[in-house]
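Computed from heavy atoms alone, side chains included, the values below leave out hydrogens, waters and symmetry copies. The model shown is predicted, which means the values in this text are computed figures rather than measured ones. Ligands are counted one by one from 1 in listed order, and the atoms in each one are counted from 1 as well. The first residue in the sequence is number 1, and the count goes up from there.
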Amino acid sequence: QLGETAAELDCRAYVVGGFVRDLFLFRKNEDIDVVIEGDGIAFAKTFANAHGARTHTHEKFGTAVITFPDDFKIDVASARMEYYQFPASLPVVEMSSIKMDMFRRDFTINTLAIELNPDKFGRLLDFFSAQKDIKDKVLRVLHNLSFVEDPTRVFRALRFEQRFGFTIGKLTSSLIDNAVKMDFFKRVAGKRIYTELKLILKEEHPAPILLRLLDYDLLRIIHPLIKIENDLQRLLETAQKVTDWHDLLFIDESYERWAVYFMTLLCHCDLDATLEICNHLTIAPRYRKMFGETRIMMAEHLTRLERRKRMDNAQVYNLLKGLRTELILYMMICTTSDTAIKRISKYHTQLRHAAITLSGKDLLDMGLPPGPLFSRTLQAVLEAKLNGRVRNREEEIAFARQ
Ligand code: ATP
């Protein structure tokens, strides 16, 4: 249907990029990117009108998002006939607009396009040997100036390498080394680095990617204050285990897994360093508090959980109550103490759900005067319940009366 609309409008439509790559890799991908040779915005509006969908357009970039009533989305971009001026004023090259669009992409494996117009429906365009690279499991840039054009592609390279189990081509690898040596990153805004870092942290297995960043000495690009101690590998592997443990047990509970990995990277940073890193990467204020103050305060709590010989359930509960899952998992990653791990996991699997049936109304009925004594009594009953001294409503009432 996309192709039919394109033919009606006398333009050509192609499905491109990650979606086509993943077809060849037999991987699920529901992000459909369409490139239109012609006016992508007019195409998106016509198609959306005919199919009861909405569009959101960016006139400046010639792009649009078509959103269907069930929230399914298609990204549309326009490819215009242009001439490509290489960054270092090398010869100007003339290309068809779809080829040009593919040439601007990061890696060969992302340059496949499938024609959608009915006259050539399903024809695969492979201008840069993408099929061969997918078959050989190699990641290659399209030209030697790729990382000069956009140094953040280095982060994307390592992300795809690990996600697909590919290797980085020899030349591409030396271009990365060169980008690091020449410090191409110094002109990249912190915000863009953060975007790429987050994409890495949101991968299913971020740890090996971060270790690859370390191989290329790229963690300092995120921020020079990120302290790389020799326990990073262990910490990252533990982060994977701890988050896997959590995700298996609490399948329905959502949390920001990427933030757990980010805090793991920050684990040797003090408050000042953390705030400077947050500023540079333009991290939103709601995360700053968690990554900075709260995380560092937790380190003190953790020492208690590690060192105190005896702690009853109520003491563990009072130390950890109200903490976000991200911080709970972070503490489990940071400690090597079995005692602390047991205490924290007990809190997260059992204690945090503790509740009592007794309410303020019950206390009123018992003749207790409203005031601070109310919350102290309810807290005492909850602690008694956590420590197994009361088990049911009758025992709660009896305990409150004492
Ligand atoms: P993912 O599976 O992670 O979504 P993707 O390949 O679909 O991967 P996107 O980040 O959604 O990646 O980007 C869509 C397309 O845009 C990619 O296929 C890629 O070719 C191109 N692209 C994205 N970022 C860059 C970049 N920095 N430089 C060049 N091309 C890029």
Salt-bridge present ([X], [Y]; N to O < 4.0 Å):
X	Y	value
Lys132	Asp136	yes
Asp365	Lys361	yes
Arg352	Glu253	yes
Glu256	Arg324	yes
Asp39	Lys45	no

Atom indices of ligand 1, in the order listed, that fall short of 4.0 Å to a heavy atom of [X]:
X	value
Arg105	15 (C), 16 (O), 18 (O), 20 (O), 21 (C), 29 (C), 30 (N)
Arg163	1 (P), 2 (O), 3 (O)
Arg159	3 (O)
Asp150	26 (C), 27 (N), 28 (N)
Arg156	9 (P), 10 (O), 12 (O), 13 (O), 17 (C), 19 (C), 22 (N), 23 (C), 24 (N), 25 (C), 27 (N)
Gly18	6 (O), 7 (O), 18 (O)
Phe160	6 (O), 8 (O)

Checking contacts now, so for atom 10 (O) of ligand 1, which I'm interested in, is there any protein heavy atom under 4.0 Å?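 Looking at atom 10 (O) of ligand 1, one finds that a protein heavy atom does lie closer than 4.0 Å.
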For ligand 1, note which part of [X] has a heavy atom under 4.0 Å away: side chain, backbone, both or neither.
X	value
Phe155	neither
Asp106	both
Arg21	side chain

Does Glu395 have any side chain to side chain donor-acceptor pair (under 3.5 Å) partners at least two apart in sequence or in another chain, and if so, which?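 For Glu395 the side chain to side chain donor-acceptor pair (under 3.5 Å) partners, ignoring immediate neighbours, are Arg391.
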Under 3.5 Å, is there a donor-acceptor pair between the [X] and [Y] side chains?
X	Y	value
Arg393	Thr357	yes
Glu383	Asn318	yes
Gln240	His205	yes

After noting the C-alpha distance and the side-chain angles of Lys241 and Asp244, does the key distance pass the salt bridge (charged side-chain N to carboxylate O under 4.0 Å, His left out) rule? CA-CA 5 Å; Lys241 282 187 202 137; Asp244 285 349; over 6 Å; no
When you look at Arg105 and Asp101, which way does the salt bridge (charged side-chain N to carboxylate O under 4.0 Å, His left out) test go after all the steps? CA-CA 7 Å; Arg105 297 196 174 231; Asp101 194 280; 2.8 Å; yes
Please confirm whether Phe19 approaches ligand 1 to less than 4.0 Å, judged on its heavy atoms.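 It does not, in that no heavy atom of Phe19 comes within the 4.0 Å cut-off of ligand 1.
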So for Glu149, does at least one of its heavy atoms come nearer than 4.0 angstrom to any atom of ligand 1?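 Judged by the 4.0 Å heavy-atom criterion, Glu149 does not count as contacting ligand 1.
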Under 3.5 Å between some N or O of ligand 1 and some N or O of Asp33?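 By distance alone, the answer is no.
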Return a yes/no value for Thr152: is any of its N or O atoms, backbone included, closer than 3.5 angstrom to an N or O of ligand 1?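 No, no N or O pair falls under 3.5 Å.
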Atom 4 (O) of ligand 1: the protein heavy-atom neighbour that sits closest, reported with distance to 0.1 Å: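 Of the protein heavy atoms, Asp31 OD2, 4.1 Å lies nearest.
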Which protein heavy atom lies closest to atom 28 (N) of ligand 1, and at what distance to 0.1 Å?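 Heavy-atom neighbour on the protein nearest atom 28 (N) of ligand 1: Arg153 NE, 2.8 Å.
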